[in-house]
Amino acid sequence: MAVSLNGDNAIQVVNLNKYYGERHALRDLNFTVKRGEILGFLGPNGAGKTTTMRILTGYMPPSSGSARVAGYDVSKNSLDVRAHIGYLPENVPLYLDMTVADYLTFVARLHHVKNVNAAVERAMSLVNITDRADETIAKLSKGYRQRVGIAQAIAHEPDVLILDEPTIGLDPRQIIEVRDLIRALGKEHTIILSTHILPEVSQTCTRVLIIRNGQIVAEDTPQRLGSRMSQSEHIHLQVAQNAPDIGSELEKIQGVLAVRELQGDTYEIETTLNHDRRAEIAAMAVTRGWGVLELRPVRLSLEEVFLQLTTSEEETAELVGENGAAENE
Ligand code: ATP
């Protein structure tokens, strides 16, 4: 029986530490992943992503702390964990001389799946490789091999999928296909994917967790991370009728810190944090007859956030204090 601390949590990590000899690779990691989430695990080289994934998949014990997957403790019930988790390692160990169907049959048997043929058919259909069933894996392109890798991870219908750098080495078209596939799989599975690729996170994940030196430095939706990291809000305004006094007029609105004219008809307005001034700006534009063509908030890109978090000591310390230990709901 699964012992679930919270029915909504597919993964719960509490005070997880890992030492490799003297090296402290994971430092009191705390986070949860709710059922149905696609969590992006982002961090520079050596941050601890693979270590965390290996612990979650039961391939390596933690030095201290605990992790539960689908309610099972990774240290105490590692066989149950493996039954409920699908793992795509960075380098998938595929048997190149086997056909796709034979390899997946072999994997399904390893997992003691009841109806092996049905499981193989289902996995091939989900990753869209049914037409390659009888081809040897050696003959497949890298993108198709990656699909076989994902098929082996889902063959036993696990609740949770862990994907380590799922699009690494793929060409742009294959990357789009694999991302679409991950999003589709996210409808039925809880997913953690690790990546260095920032657009991958914004395009695929519902939440992002940034890890650095074995610690969580930020955790939020990709969109909210951008605004949280800012010291002020920025609003983009485009007007139909430009006028010389637009900048000085806008600066009269309470909370507007600065106005920068970008081109003839566009302005970037900096305002104090947490006060949306768009209504006042729109009202002024109507009164003055400028005509609003566009009025939208401008957020830091995830790339900018990532760079800030992984390069600036000060901001990292601030965020860890404020938000580092994930809420263990
Ligand atoms: P990358 O993006 O480069 O794959 P990562 O975020 O996955 O990095 P890990 O592979 O988890 O990082 O490594 C975290 C830290 O632990 C690094 O400092 C790494 O050198 C160290 N480490 C990882 N595996 C071992 C090992 N088997 N023995 C000793 N140290 C290790």
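Nothing fancy with the numbering, it's 1 onward along the sequence.
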Please find the pair of heavy atoms, one from [X] and one from [Y], that lie closest to each other, and give the distance.
{"X": "Ser194", "Y": "Pro166", "value": "O-CD, 3.5 Å"}
{"X": "Ile38", "Y": "Gly186", "value": "CD1-CA, 3.9 Å"}
{"X": "Val256", "Y": "Ile269", "value": "CG1-CG2, 3.7 Å"}

Quiz question: by atom type and distance under 3.5 Å, do the side chains of [X] and [Y] form a donor-acceptor pair?
{"X": "Ser248", "Y": "Asp245", "answer": "no"}
{"X": "Arg27", "Y": "Gln215", "answer": "no"}
{"X": "Asn17", "Y": "His24", "answer": "yes"}
{"X": "Ser64", "Y": "Asn15", "answer": "no"}
{"X": "His234", "Y": "Glu268", "answer": "yes"}

- Test: Arg260 and Glu270 ion pair at under 4.0 Å: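 Judged by the 4.0 Å cut-off on N to carboxylate O distance, Arg260 and Glu270 do not form a salt bridge.
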
- Does Arg296 pair with Glu294 as a salt bridge, N-O distance under 4.0 Å? yes

- Message: With clusters defined by side-chain heavy atoms of hydrophobic residues (ILVMFWY) lying less than 4.5 Å apart, directly or transitively, does Ile55 cluster with Leu163?
- Response: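 No, Leu163 does not connect to Ile55 through the hydrophobic network.
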
Do [X] and [Y] touch side chain to side chain, with heavy atoms closer than 4.5 Å?
{"X": "Gln238", "Y": "Val292", "result": "no"}
{"X": "Glu219", "Y": "Ile210", "result": "no"}
{"X": "Asp164", "Y": "Thr195", "result": "no"}
{"X": "Met60", "Y": "Thr51", "result": "yes"}
{"X": "Leu16", "Y": "Asn30", "result": "no"}
{"X": "Thr52", "Y": "Phe31", "result": "yes"}
{"X": "Leu39", "Y": "Leu209", "result": "yes"}
{"X": "Leu181", "Y": "Ile150", "result": "yes"}

Side-chain atoms of residues 113-141: list all donor-acceptor pairs with protein atoms under 3.5 Å, sequence neighbours left out, distances to 0.1 Å.
unit_1: Asn115; atom_1: OD1; unit_2: Ala118; atom_2: N; d: 3.2
unit_1: Ser141; atom_1: OG; unit_2: Tyr144; atom_2: N; d: 3.3

- Do the rings of His156 and His111 sit parallel, tilted or perpendicular, given the 30° and 60° boundaries?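 Parallel: the ring planes of His156 and His111 meet at under 30°.
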
- Show your reasoning for whether side-chain hydrogen bond (donor to acceptor under 3.5 Å, both in side chains) applies to Gln203 and Arg179. CA-CA 8 Å; Gln203 286 165 23; Arg179 283 184 195 157; 2.8 Å; yes

- Task: Apply salt bridge (Lys or Arg N to Asp or Glu O under 4.0 Å) to Glu249 and list each qualifying residue two or more places apart in sequence or on a separate chain.
- Result: Lys252, Arg288

- Message: Checking Thr105 against Asp102 for the side-chain hydrogen bond (donor to acceptor under 3.5 Å, both in side chains) test, could you report, in this order, the C-alpha distance in whole Å, the side-chain angles of both residues, the deciding distance, and whether it holds?
- Response: CA-CA 5 Å; Thr105 302; Asp102 285 348; 5.0 Å; no

- By side chain to side chain contact (heavy atoms under 4.5 Å, CB included) - contacts of Glu261 (at least two apart):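 Result, side chain to side chain contact (heavy atoms under 4.5 Å, CB included) vs Glu261: Asn242, Tyr267.
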
- Item | More than 12 heavy atoms of other groups within 6.0 Å of Arg54 CZ |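 No, CZ of Arg54 has 12 or fewer neighbouring heavy atoms, counting only those of other groups under 6.0 Å.
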
- Message: Tell me whether Tyr95 at atom OH has more than 12 heavy atoms from other residues, nucleotides or ligands lying less than 6.0 Å away.
- Response: no

Can you tell me how far the [atom1] atom of [X] sits from the [atom2] atom of [Y], to the nearest 0.5 Å?
{"X": "Arg145", "Y": "Tyr103", "atom1": "CZ", "atom2": "OH", "result": "12.0 Å"}
{"X": "Glu37", "Y": "Thr206", "atom1": "CD", "atom2": "OG1", "result": "4.5 Å"}
{"X": "Ile246", "Y": "Ile281", "atom1": "CD1", "atom2": "CD1", "result": "12.0 Å"}

